Amino acid sequence: MHPKTPFFKTASVYGCIILLLFMSLFFSGEADYNKISLTSISYAHLSHLPHYNGFGAAIGKYYVDEALDPEFTPPLQPTQITFSIQDYGGNDVYNVYTMLEVYQESTGQRIKAFPWTKQDIGDFSLYYTFPSVGNYNIVLSIANDNNSNNHNGIDPPRDILTGNLNCDCDRGVFSVSITKNFGNIFFTAIFAGVLGAIAVFGSVAVFAYKSRKKHTKLVSNINSDNSRAVADREILIKYFVMMVAIGAGMVHLAVYSEHGSLRIQYSIFLLAAAAAQFAYGIVYVLLTLTIELDSIRSIQLAKEYYKKSVILNLFGLIGSSILLGLYIYSVVLPPPLSPINRPEAVDVAGILDKSLEAVLVIGILYLMWIEKKRITKLLVEVK
């Protein structure tokens with residue numbers, strides 16, 4: 001029977017998505033902020049890429065990113081409100097005058113105001129403690145000129161938050177939500193989804209492993225116990241390589257957010273790398289565990305299976321080697337597109353990820369050697 005190939009259809013879909021994501025790194029957009037683009041707006045210099053209580057808005061001739069720290073802000077806890085003001089080319093701005101106001105959404109009342117202040121650079125932070133659970137509107141005012149005589153003190157509150165009557169300025173509104181437990185609920189849901197998916201795949205993989213082991217035992221009854229032990233070891237190695245690949249992908253998922261504060265392209269690249277590592281590990285194991293190699297008694301089918309396994313292993317080997325090389329480059333020299341023009345710091349997450357990828361490279365090479373040895377044996381038996 002001809003081996004089925006839904007795995008390679010899946011791999012092709014993953015490959016197309018990853019290629020499109022990689023190509024998007026080099027797309028440039030127009031300077032018009034009303035147009036969708038990955039590179040036409042600022043990327044901000046935030047401490048992390050916020051998923052919640054973070055927002056970007058056009059304010060006059062600038063684009064401003066805002067984030068809260070902690071991101072899932074509870075009431076009565078000192079909170080850092082961070083802004084990054086840049087032009088539409090993603091360049092820093094200097095010597096801008098700003099005023100910040102906090103309005104309670106339920107009452108429309110202004111509960112806090114920070115006076116007009118000269119910011120030496122567009123990246124700055126202010127601190128405030130939100131009094132209670134609820135939604136708030138943070139209004140940032142940016143002066144259209146750099147004359148301190150025209151901008152001092154605190155402007156009176158307004159019913160229209162973006163109104164600039166009697167103020168030569170532009171204003172933007174950032175909505176934030178202050179909650180007690182939403183952060184715990186959010187992370188619990190995320191981890192439950194990830195662990196649930198892993199549990200489902202793990203159950204299917206364990207079932208496939210037991211079935212394959214049973215089949216191997218039946219086929220190997222006429223052979224020595226050593227032959228069965230070798231077959232079991234090969235299956236375990238394939239599982240091990242799959243778990244290492246998925247583990248490296250999970251590290252990329254854990255760190256992509258903080259890299260987005262430097263360049264959104266970095267986050268896209270890390271997400272693409274994670275998707276590729278997940279795809280390699282899952283597709284390879286599904287391929288090798290569902291196709292019964294011992295049942296292949298045709299030179300053509302044996303060669304076809306070997307060709308597919310080589311392509312998939314080369315995909316994993318080359319990809320992992322590139323990721324290792326890029327990491328070494330980025331900790332020695334400033335990485336491409338770096339806005340800070342200095343090498344990345346060596347951290348625990350980076351060491352863990354690259355250690356997994358180094359083990360993955362060794363595992364893939366070993367798998368390729370096993371597949372070569374196995375296919376040679378099969379071809380000899382067929383002949």
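Note that the structure is predicted; figures quoted are calculated from it, not measured.
- With respect to Ile85, the side chain to side chain contact (heavy atoms under 4.5 Å, CB included) criterion is satisfied by exactly one of Ile121, Asp123, Thr98: Thr98.
- Here Asn181 pairs with Asn184 under the side chain to side chain contact (heavy atoms under 4.5 Å, CB included) rule; sequence neighbours left out.
- Considering only heavy atoms from C-beta on, Asn152 stays 4.5 Å or farther from Tyr97 through its side chain.
- Here the shortest heavy-atom pairing between Pro156 and Arg110 reads C-NH1, 3.7 Å.
- In this structure, Ser132 and Ile178 have side chains that are not in contact, with every pair of non-hydrogen atoms separated by 4.5 Å or more.
- In this structure a side-chain-to-backbone donor-acceptor pair under 3.5 Å is missing from Ser175 to Val173.
- Scanning both residues, Ile154 and Ala113, for their nearest heavy atoms gives CG2-CB, 3.7 Å.
- Contact annotation: the side chain of Ile81 never approaches that of Phe174 to less than 4.5 Å [non-hydrogen atoms, C-beta and beyond].
- Here CE of Met250 is found 8.5 Å from CE of Met243. Values are rounded to the nearest 0.5 Å.
- Asn95 is listed as a side-chain neighbour of Lys118, based on a closest heavy-atom distance under 4.5 Å.
- Annotation: the span from His151 atom NE2 to Asp145 atom CG amounts to 4.0 Å, rounded to 0.5 Å.
- Leu314 has its side chain within reach of Met368: a pair of non-hydrogen atoms, C-beta onward, lies under 4.5 Å apart.
- Remark: the Arg171 side chain and the Thr162 side chain contain no N/O donor-acceptor pair separated by less than 3.5 Å.
- With Gln119 contributing its side chain and Val96 its backbone, the two residues share no donor-acceptor pair below 3.5 Å.
- Annotation: side chain of Val64 is in contact with side chain of Ile142 (closest heavy-atom distance under 4.5 Å).
- Contact of the Asp69 side chain with the Thr82 side chain is not registered, since no non-hydrogen atoms from C-beta on lie closer than 4.5 Å.
- Atom CG of Asn91 sits about 12.0 Å away from atom OH of Tyr62, to the nearest 0.5 Å.
- Distance check: Ile111 CD1 to Glu101 CD gives 11.5 Å after rounding to the nearest 0.5 Å.
- Note on Tyr103 and Met99: separate hydrophobic clusters, where clusters join Ile, Leu, Val, Met, Phe, Trp and Tyr whose side-chain heavy atoms are under 4.5 Å apart, directly or indirectly.
- Between Tyr52 and Phe72, the ring-plane angle classifies as parallel under the 30° and 60° cut-offs.
- Asn135 is not listed as a side-chain neighbour of Val176, based on a closest heavy-atom distance of 4.5 Å or more.
- With Asp87 contributing its side chain and Lys61 its backbone, the two residues share no donor-acceptor pair below 3.5 Å.
- A single hydrophobic cluster is seen to contain both Leu140 and Phe114, as judged by linkage of ILVMFWY side chains at heavy-atom distances under 4.5 Å, directly or through other members.
- The aromatic rings of Phe315 and Tyr280 sit tilted relative to each other, their planes meeting at an angle between 30° and 60°.
- Transitive grouping of hydrophobic side chains (ILVMFWY, heavy atoms separated by less than 4.5 Å) keeps Val133 and Tyr136 in distinct clusters.
- Nearest heavy-atom pair across Gly247 and Leu356 is C-CD1, 3.7 Å.
- Asn53 contributes a side-chain N or O that, together with a main-chain N or O of Glu71, makes up a donor-acceptor pair within less than 3.5 Å.
- The minimum heavy-atom distance linking Cys169 with Ala143 is given by the pair CB-CA, 3.9 Å.
- Nearest heavy-atom pair across Ile364 and Ser320 is CD1-OG, 4.5 Å.
- No single ILVMFWY cluster, assembled from side-chain heavy atoms under 4.5 Å apart, contains both Val139 and Ile59.
- Under the rule for a salt bridge (charged side-chain N to carboxylate O under 4.0 Å, His left out), the partners of Glu357 that lie at least two apart in sequence or sit in another chain are Lys354.
- Val241 and Ile362 are members of different hydrophobic clusters when ILVMFWY side chains are connected at heavy-atom separations under 4.5 Å.
- Atom OG1 of Thr73 sits about 12.0 Å away from atom CG of Leu76, to the nearest 0.5 Å.
- If you take CG on Leu365 and CG on Leu360, they are separated by 9.5 Å, rounding to the nearest 0.5 Å.
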